[in-house]
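These notes concern the structure reproduced below.
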Amino acid sequence: MLSQESQKQIDREVAKYPAEQKQSAVMAALAIVQMERGWLSNEIIEAVANHLGMAPMAVYEVASFYNMYDLAPVGKYKITVCTNLPCALSGGVHAADYLKQKLGIGFNETTADGRFTLKEGECMGACGDAPVMLVNNVRMCSFMQPEQIDRLLGECQ
Amino acid sequence: MGALGFILDAAEGERSWRLAEYVKRGGYAALKKIVSENIPPENIVAELKKSSLRGRGGAGFPTGLKWSFMPRQFPGAKYVVCNSDEGEPGTFKDRDILRWNPHMVIEGMIIAGYAMGCARGYNYIHGEIWDIYKRFEEALEEARAAKLLGDNILGSAFSFELQAHHGYGAYICGEETALLESIEGKKGQPRFKPPFPASFGLYGKPTTINNTETFASVPWIINQGGEKFLELGKPNNGGTKLFSVSGHVNRPGNFEVPMGTPFPELLALAGGMRGGRKLKGVIPGGSSAPVLPEEIIMECTLDYDSIAKAGSMLGSGAVIVMDETTCMVKALERLSYFYFEESCGQCTPCREGTGWLYRVVHRIEHGQGRPEDLDLLNSVTENIMGRTICALGDAAAMPVRGFLKHYKAEFEYHIQNKKCLVPEDVQRAGSGFFKVA
């Protein structure tokens with residue numbers, strides 16, 4: 001079930017740890033697989049478990065504990081908005097409201113065309129850049145005023 | 001950046017993080033000196049003790065003392081771990097250190113490995129700053145290619161390997177034993193202490209964990225001497241420190257200033273209050289630190305001792321500034337939601353208590369508060385504090401106490417009048433998001 005490319009990338013992560021500690025690569029492995037497939041199904045979690053010699057439940061525990069893993073399908077672009085206090089003081093909550101209104105969805109919902117999912121995030125460690133949002137877990141967008149948000153939505157085709 | 005800043009001095013342009021640029025700024029000189037002169041490890045620890053460098057992650061524990069806890073004669077693997085899992089609301093300094101000066105952290109970690117006899121290290125990087133994680137991996141490759149990492153570093157007998165490990169969205173992993181569990185490929189749930197990581201750490205081996213900024217301070221101390229570092233700050237509070245200023249200021253960002261700098265100077269560096277509005281209160285050390293009203297914080301100097309005396313803590317140096325447009329009940333509601341969301345669920349007082357705190361503050365904010373709610377909040381905090389494995393429980397309780405202590409009248413107004421003391425449109429204008437509104 002794991003693609004050749006995913007396996008290669010996972011094995012590079014496994015090499016970072018002592019030989020008897022393959023399990024240490026599980027977080028990276030789940031991130032790699034999620035980036036390739038968009039979300040983590042039970043089947044793919046089991047495939048990661050088999051690859052790392054772990055019990056599937058142990059991998060599921062990790063996947064369900066850390067909140068950047070998605071255990072259900074999300075849109076092509078998952079936008080996570082930080083609404084924590086430092087961001088909120090500089091418009092984080094207002095930016096989220098603006099996105100909800102633009103996309104016509106609430107948090108944890110996906111647009112009908114499957115393009116966008118909106119998530120509420122917790123502190124991303126970039127409070128000086130508020131409002132801050134993260135696209136598909138990898139692209140951090142800073143100083144997101146209405147014009148910047150409009151541009152971002154336009155880029156996400 | 002203050003004139004004395006050395007950690008963020010490099011923040012000039014995109015290329016400044018590269019190895020060649022770091023070497024031009026005098027980088028890796030400390031490591032070269034150590035391996036070429038065969039400096040005894042205990043001398044390095046002694047120099048750190050002299051510097052009064054205190055852990056920059058929030059606890060402020062003396063770094064030299066921490067390093068001296070590592071069993072020197074222990075046979076087998078020992079580990080150095082860097083905590084770059086920066087997720088305490090208000091804190092964003094490690095991101096900038098790794099963005100502009102990753103090699104300074106790498107050099108600090110290699111020196112730590114040398115001083116404590118460790119052959120391996122990991123830097124655990126916050127999952128949300130993915131580009132920074134990728135950059136750190138690139139910096140590691142540069143260091144390996146230059147023989148600064150790996151076997152026989154710079155031709156010496158000393159070998160050290162360093163890797164990056166990313167988080168994936170769990171605040172609790174900033175707690176050091178949760179972070180170790182996470183590197184081991186498990187849920188990030190804190191361990192009982194003792195045993196402390198120095199005796200039972202990563203994979204059950206002796207381990208020392210320090211914050212990114214702490215490691216970044218080490219090469220300077222080796223180059224310039226511990227005494228000089230101490231002189232940068234004030235007694236018992238050595239060095240410069242990065243302060244992350246966020247909220248209602250004109251120029252949010254990181255500012256590196258000497259320990260003991262008066263708070264009004266930092267506020268001026270951050271461009272002063274946004275729109276010239278009046279300062280209401282400041283959370284001086286990350287969201288877990290009790291809030292201090294204007295009249296108290298304006299008299300404080302920025303060091304562990306002064307802020308502690310004022311009834312709060314310096315913590316990670318995250319300064320959250322709130323002006324008169326802030327509803328303090330709403331502010332606390334945001335923070336309480338955070339701790340409720342991020343509690344790992346292991347200890348009942350924290351798992352249940354954080355939910356309770358959030359729900360009560362939420363109902364006060366939404367006009368459904370009851371007169372007895374303030375006593376209830378205090379009683380819930382009492383039943384959390386000191387009753388959990390890690391500090392997250394206390395971290396959730398302390399802001400509640402701070403807000404109730406200094407802004408009780410605002411909470412009472414909410415309960416009695418079922419609305420905010422600060423009108424909705426004033427709050428809305430305060431965020432600066434709706435420019436034309």
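When reading the values below, keep in mind they use all heavy atoms of this one structure, side chains included, and skip hydrogens, waters and symmetry mates.
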Legend entry - Cationic tip of A:Lys100 above A:Phe107 ring, under 6.0 Å, 45° of axis: yes
Legend entry - Heavy-atom contact with chain A under 4.5 Å, split by part of B:Glu137: side chain
Inset, instruction - Check each of B:Val291, B:Leu279, B:Val282 against B:Met322 using the side chain to side chain contact (heavy atoms under 4.5 Å, CB included) test, and report the only one that passes. - result: B:Val291
Inset, instruction - Output the option from A:Lys16, A:Met54, A:Met124, A:Glu13 having the highest count of non-hydrogen pairs under 4.5 Å with chain B. - result: A:Lys16
Inset, instruction - Below 4.5 Å from any heavy atom of chain A, which atoms of B:Arg251 appear? Answer side chain, backbone, both or neither. - result: neither
Inset, instruction - For the pair B:Lys93 and B:Glu213, find out whether any cationic side-chain nitrogen is under 4.0 Å from an anionic carboxylate oxygen. - result: yes
Legend entry - Polar side-chain atom of B:Asn254 near backbone of B:Leu242 as donor-acceptor pair, under 3.5 Å: no
Legend entry - Working for salt bridge (Lys or Arg N to Asp or Glu O under 4.0 Å), residues A:Asp129 and B:Arg95: CA-CA 12 Å; A:Asp129 294 4; B:Arg95 172 177 178 236; 3.0 Å; yes
Inset, instruction - Could you tell me which portion of B:Ile172 (side chain, backbone, both or neither) has an atom closer than 4.5 angstrom to a non-hydrogen atom of chain A? - result: side chain
Legend entry - B:Val321 portion near chain A, given a 4.5 angstrom heavy-atom threshold: backbone
Legend entry - Most chain B-contacting option - heavy-atom pairs closer than 4.5 Å, from A:Lys22, A:Glu20, A:Met140: A:Met140
Inset, instruction - Check for a donor-acceptor pair, side chain of A:Thr111 on one end and backbone N or O of A:Arg115 on the other, with a separation under 3.5 Å. - result: yes
Inset, instruction - Determine which residues belonging to residues 161-171 of chain B lie within contact range of chain A, meaning some heavy atom pair is under 4.5 Å apart, and list them by number or answer 'none'. - result: B:Gln163, B:Ala164, B:His165, B:His166, B:Gly167, B:Tyr168, B:Gly169, B:Ala170
Inset, instruction - Taking atom OH of A:Tyr77 as the centre, report whether more than 12 heavy atoms of other residues, nucleotides or ligands fall under 6.0 Å from it. - result: yes
Inset, instruction - Check whether B:Ser182 gets within reach of chain A through its side chain, its backbone, both or neither, counting any heavy atom under 4.5 Å. - result: both
Inset, instruction - Please check if the side chain of A:Ser64 supplies one atom and the backbone of A:Glu61 the other of a donor-acceptor pair under 3.5 Å. - result: yes
Legend entry - Residue among A:Leu52, A:Leu85, A:Leu30, A:Val132 with most heavy-atom pairs under 4.5 Å to chain B: A:Leu85
Legend entry - Salt-bridge contact B:Lys330-B:Glu424 (side-chain N to carboxylate O under 4.0 Å): yes
Legend entry - Engaged part of B:Thr91 at the chain A interface, taking heavy atoms whose separation is under 4.5 Å: backbone
Inset, instruction - Look at the side chain of B:Glu88 and the backbone N and O of B:Ser287, then say whether any donor-acceptor pair between them is shorter than 3.5 Å. - result: yes
Inset, instruction - Before accepting this row, confirm whether a basic side-chain N of the pair A:Lys78/A:Glu120 lies closer than 4.0 Å to the acidic partner's carboxylate O. - result: no
Inset, instruction - Flag the one option from A:Ala29, A:Ala25, A:Ala31 with the top tally of heavy-atom pairs under 4.5 Å to chain B. - result: A:Ala31
Legend entry - Heavy-atom contact with chain B under 4.5 Å, split by part of A:Tyr17: both
Inset, instruction - Give the member of B:Glu333, B:His126, B:Glu86 that has the highest number of heavy-atom pairs under 4.5 Å with chain A. - result: B:His126
Inset, instruction - With a 4.5 Å cut-off on heavy-atom pairs, point out which of A:Met27, A:Met144, A:Arg139 contacts chain B the most. - result: A:Met27
Inset, instruction - Could you tell me whether a side-chain N or O of A:Asn84 sits under 3.5 Å from a main-chain N or O of A:Pro86, the two making a donor and an acceptor? - result: no
Legend entry - Side-chain touch A:Thr117/A:Thr80, heavy atoms, less than 4.5 angstrom: no
Legend entry - B:Cys344 portion near chain A, given a 4.5 angstrom heavy-atom threshold: both
Inset, instruction - Check whether A:Ala130 gets within reach of chain B through its side chain, its backbone, both or neither, counting any heavy atom under 4.5 Å. - result: neither
Legend entry - Contacting region of B:Ile320 [heavy-atom separation from chain A under 4.5 Å]: side chain
Inset, instruction - Under 4.5 Å, counting heavy-atom pairs only, tell me which of B:Tyr133, B:Phe338, B:Tyr337 racks up the most with chain A. - result: B:Phe338
Legend entry - Under 3.5 Å: donor-acceptor pair, side chain of B:Arg428, backbone of B:Phe433: no
Inset, instruction - Using atom types as modelled and distance alone, determine if a side-chain donor or acceptor of B:Asn211 lies under 3.5 Å from a backbone N or O of B:Gly58. - result: no
Legend entry - Among B:Gly247, B:Gly188, B:Ser244, B:Gly87, residue most engaged with chain A (heavy-atom pairs, under 4.5 Å): B:Gly188
Inset, instruction - Give a yes or no on whether the backbone of B:Gly185 and the side-chain of A:Gln23 come within a donor-acceptor separation of less than 3.5 Å. - result: yes
Legend entry - A:Gln34 versus chain B, the contacting section by heavy-atom distance below 4.5 Å: side chain
Legend entry - Side-chain donor/acceptor of B:Thr207 to backbone N/O of B:Leu202, under 3.5 Å: yes
Legend entry - Engaged part of A:Ala58 at the chain B interface, taking heavy atoms whose separation is under 4.5 Å: neither
Legend entry - Which of A:Gly128, A:Gly91, A:Ser24 touches chain B most, by non-hydrogen pairs under 4.5 Å: A:Ser24
Legend entry - Region of A:Pro131 in contact with chain B, defined by heavy-atom distances below 4.5 Å: side chain
Legend entry - Contact class of A:Thr83 relative to chain B, heavy atoms under 4.5 angstrom: both
